[in-house]
Structures are given as C-alpha cells and as structure tokens.
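Computed from a prediction, not measured in an experiment: that's the story for all the values here.
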Amino acid sequence: MAKAQGKRPNTAAVCEALAAPVAQRMGLYLWDVAFEKEGAGWYLRYYIDREGGVTIDECEAFSREVSDLLDEADPIDQSYTLEVGSPGVERKLTKDWHFQKYIGAQVHVRLIRPVEGERDFVGALSSYENGVVAVLLDDELEMTFSPGETAFVRLYEEF
C-alpha cells in the first residue's frame with residue numbers, strides 16, 4: 001500500500017498535541033507552542049496559562065510531565081532545550097481564539113512595512129475576522145491590518 005503524500009505537521013503542532021491533555025488535566029490551557037532556533041541551539045517553548053495566571057510550581061510540574069511524554073514519543077530529531085513559562089502580560093496574539101478572547105482590549109500592532117511613516121499602532125482590538133485585525137485608535141480612527149502586514153500583535157499594557 002502506498003503511503004499518502006501530504007504535508008507533514010510541523011514540530012510545534014505535534015508537540016502541542018502531545019501536551020494538550022496534560023494542560024487540560026492540570027486545569028491549564030496552552031497559549032502557544034514554539035520550536036525555534038536561537039544561535040546554535042533549538043528551543044521548544046510551551047506557554048501555559050489559566051485564569052489568574054500560573055505559578056512557577058505549575059510551570060515546573062507541567063515541564064516534568066511533558067518532558068516524559070516527549071522522551072517517550074521522540075518527535076524531535078535534534079537536541080533542544082525545553083522551556084515552560086507564562087505568555088506574559090504583553091502576550092502575542094497568534095491564534096484565532098486569542099483575538100476573539102481579547103476583543104475590546106488594548107493591543108500593540110507592529111507592521112512589517114511602515115504606513116505613512118509609522119510601524120507601531122496602539123488601540124482597542126475592535127474586530128478580528130479571517131485573519132484581518134481591526135484596531136480603534138485613540139483618535140477614533142479604525143485601521144485594519146491583514147496577516148501579511150503585521151510583524152506581531154500583542155496585548156498592550158502601559159507601565
């Protein structure tokens with residue numbers, strides 16, 4: 001029987017699927033998973049959260065359980081460093097449900113290329129549909145950004 005030729009799931013998606021039941025059992029949710037090269041090393045980063053935030057003890061317990069699962073499943077060919085942490089106050093919004101959860105919240109949008117000399121916009125996330133982000137700026141002007149235009153969209157906290 002011939003093997004189906006399809007797109008292989010990316011490493012982060014495979015690792016997310018492995019860890020999702022652990023997060024759920026612990027009363028956490030996976031905010032994001034990233035597998036990235038930095039310098040000479042590779043990092044598998046799990047960002048976990050819960051209403052009210054996570055503790056270092058919860059990060060450590062999640063890390064121990066997921067590490068055992070990763071050792072057993074062995075989904076990554078090269079050596080890597082496992083990191084587990086909170087997505088933070090100014091977390092990146094990357095998934096559809098992230099945007100839906102934070103409609104009305106203040107966000108910082110950084111563009112890949114400037115628009116009228118500006119790359120950074122801060123305002124209230126007014127809508128999100130089919131990847132298009134709409135932000136209501138302080139001067140009541142609403143701007144929309146397509147996925148290909150943005151370097152990132154993060155929650156914004158003024159310190």
Please step through ring-ring contact (aromatic ring centres under 6.0 Å, His included) for the pair W97 and Y29, ending with a clear verdict.
-> CA-CA 12 Å; W97 69 269; Y29 57 88; 5.7 Å; yes
In one Ile/Leu/Val/Met/Phe/Trp/Tyr side-chain cluster, 4.5 Å: L82, L69 = yes
Determine, using the 4.5 Å side-chain heavy-atom cutoff (strictly less than), whether V84 and W42 are members of one ILVMFWY cluster.
-> yes
Report the relative orientation of the aromatic rings in W31 and H98; use parallel for angles under 30°, tilted for 30 to 60°, perpendicular for over 60°.
-> parallel
Under a single-linkage definition using a 4.5 Å side-chain heavy-atom cutoff for Ile, Leu, Val, Met, Phe, Trp and Tyr, are V54 and Y102 assigned to the same hydrophobic cluster?
-> no
Any salt bridge between E90 and R154, counting N to O under 4.0 Å?
-> no
Using a strict 4.0 Å threshold on nitrogen-to-oxygen distance, state whether R91 and D49 make a salt bridge.
-> yes
Any L18 side-chain heavy atom under 4.5 Å of L70 side chain | yes
Test side-chain contact (heavy atoms from CB on, under 4.5 Å) applied to F99 and V133, V132, T94, the passing residue = V133
Residue pair D74 / I76, side-chain heavy-atom distance below 4.5 Å | no
Taking only Lys NZ, Arg NE, NH1 and NH2, and the carboxylate oxygens of Asp or Glu, determine whether R113 and E149 approach each other closer than 4.0 Å.
-> no
Say whether E60 and S63, considering side chains only, have a donor N or O and an acceptor N or O under 3.5 Å apart.
-> no
Heavy-atom distance under 4.5 Å between the side chains of P87 and D32, does that happen here?
-> no
Identify whether L28 and I56 are in the same connected component of the hydrophobic contact network (ILVMFWY, side-chain heavy atoms under 4.5 Å).
-> no
Nearest heavy-atom approach of C59 to G85 is SG-CA, 3.9 Å
When you check the gap from the basic side-chain N to the acidic O, do K95 and E16 get nearer than 4.0 Å?
-> yes
Q106 and A124: which non-hydrogen atoms are nearest, and at how many Å?
-> OE1-N, 3.4 Å
Under a 4.5 Å side-chain heavy-atom rule over Ile, Leu, Val, Met, Phe, Trp and Tyr, are L137 and V115 clustered together?
-> yes
Stepwise ring-ring contact (aromatic ring centres under 6.0 Å, His included) test for F35 and Y43 = CA-CA 6 Å; F35 185 62; Y43 292 83; 9.3 Å; no
Roughly how far apart are Y80 OH and T11 OG1, rounded to 0.5 Å?
-> 10.0 Å
